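Step one of this worksheet: look at the structure below.
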Amino acid sequence: MNNKPKYHLFKNTKYALDGFKHAFKTESSFKLELFCAIFIIIGILLVDVSLIYKLVLLVTGILVLIVELINSAIENVVDLVTKEHAPLAKTAKDIGSTAVMFTIGLHITSWIVILIWA
């Protein structure tokens, strides 16, 4: 049986905004990264590089936020399934954190490469 609701633009947008509000209220890492995004955007506007490089910096910065949201979703699902210490639960959470760390590394590397060679 399919319990998937029919797609509705306004309802789905509301669900997305609800998820954003929940992440902002409950996820300190997301809140910190969102705060840093303000300065990243200012930096992108101020740095004297071509538009394509600015776009790379913007996309990698937004990617950090996206991966953080996915990591938070993974953590919530794991917590829903078990509150006990389970090795697979820890592994799932650790892998999600690794994805965030790699994305932040990608963003920082993009800044370094662009500032040095652009």
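Since we're looking at a predicted model, the values are computed, not measured. The chain is numbered in sequence order, starting from 1.
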* Asked: Is there a side-chain contact (heavy atoms from CB on, under 4.5 Å) between Leu69 and Glu33 once you walk through the steps?
  -> CA-CA 11 Å; Leu69 289 169; Glu33 291 159 357; over 6 Å; no
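Proximity of Leu65 to Leu34: side-chain heavy atoms (C-beta onward) are separated by under 4.5 Å at one or more points. Counting heavy atoms from C-beta on, the side chains of His107 and Trp111 come closer than 4.5 Å.
With rounding to the nearest 0.5 angstrom, the CD1 atom of Ile114 is 7.0 Å from the OG1 atom of Thr60. Taking CG from Asn76 and CG from Asn71, the interatomic distance works out to 10.0 Å, rounded to the nearest 0.5 Å. Separation of atoms CG (Leu58) and OG (Ser110) is listed at 11.5 Å; rounding is to 0.5 Å. In this structure, the separation between CD1 on Ile62 and CG on Leu57 is 11.0 Å, given to the nearest 0.5 Å.
The number of heavy-atom neighbours closer than 6.0 Å to CD1 of Ile52, taken from other residues, nucleotides and ligands shown, is 12 or below. Phe30 CZ: more than 12 foreign heavy atoms inside a 6.0 Å radius. Within a 6.0 Å radius of CG in Leu9, more than 12 heavy atoms belonging to other residues, nucleotides or ligands are found. Residue Lys31 qualifies as enclosed at atom NZ: its count of foreign heavy atoms under 6.0 Å is above 12.
Taking the six-membered ring where tryptophan is involved, the planes of Phe35 and Phe39 are perpendicular, since the angle between them exceeds 60° and thus also 30°.
Sorted by first and then second residue, the salt bridge (charged side-chain N to carboxylate O under 4.0 Å, His left out) pairs with a member in residues 86-95 read Asp79-Lys93, Lys90-Asp94; sequence neighbours excluded.
With sequence neighbours excluded, no residue forms a side-chain hydrogen bond (donor to acceptor under 3.5 Å, both in side chains) with Asp48.
Through direct or indirect side-chain contacts shorter than 4.5 Å among Ile, Leu, Val, Met, Phe, Trp and Tyr, Ile108 is connected to Leu63, Val64, Val67, Val100, Ile104, Leu106, Ile112, Val113, Ile116, Trp117.
Cluster membership for Val77 and Ile95, using ILVMFWY side-chain heavy atoms within less than 4.5 angstrom, is not shared. Following chains of ILVMFWY side-chain contacts shorter than 4.5 Å, one can reach Ile66 starting from Ile74, so the two form part of one hydrophobic cluster. No continuous path of ILVMFWY side-chain contacts below 4.5 Å connects Ile40 to Leu32, so the two sit in separate hydrophobic clusters.
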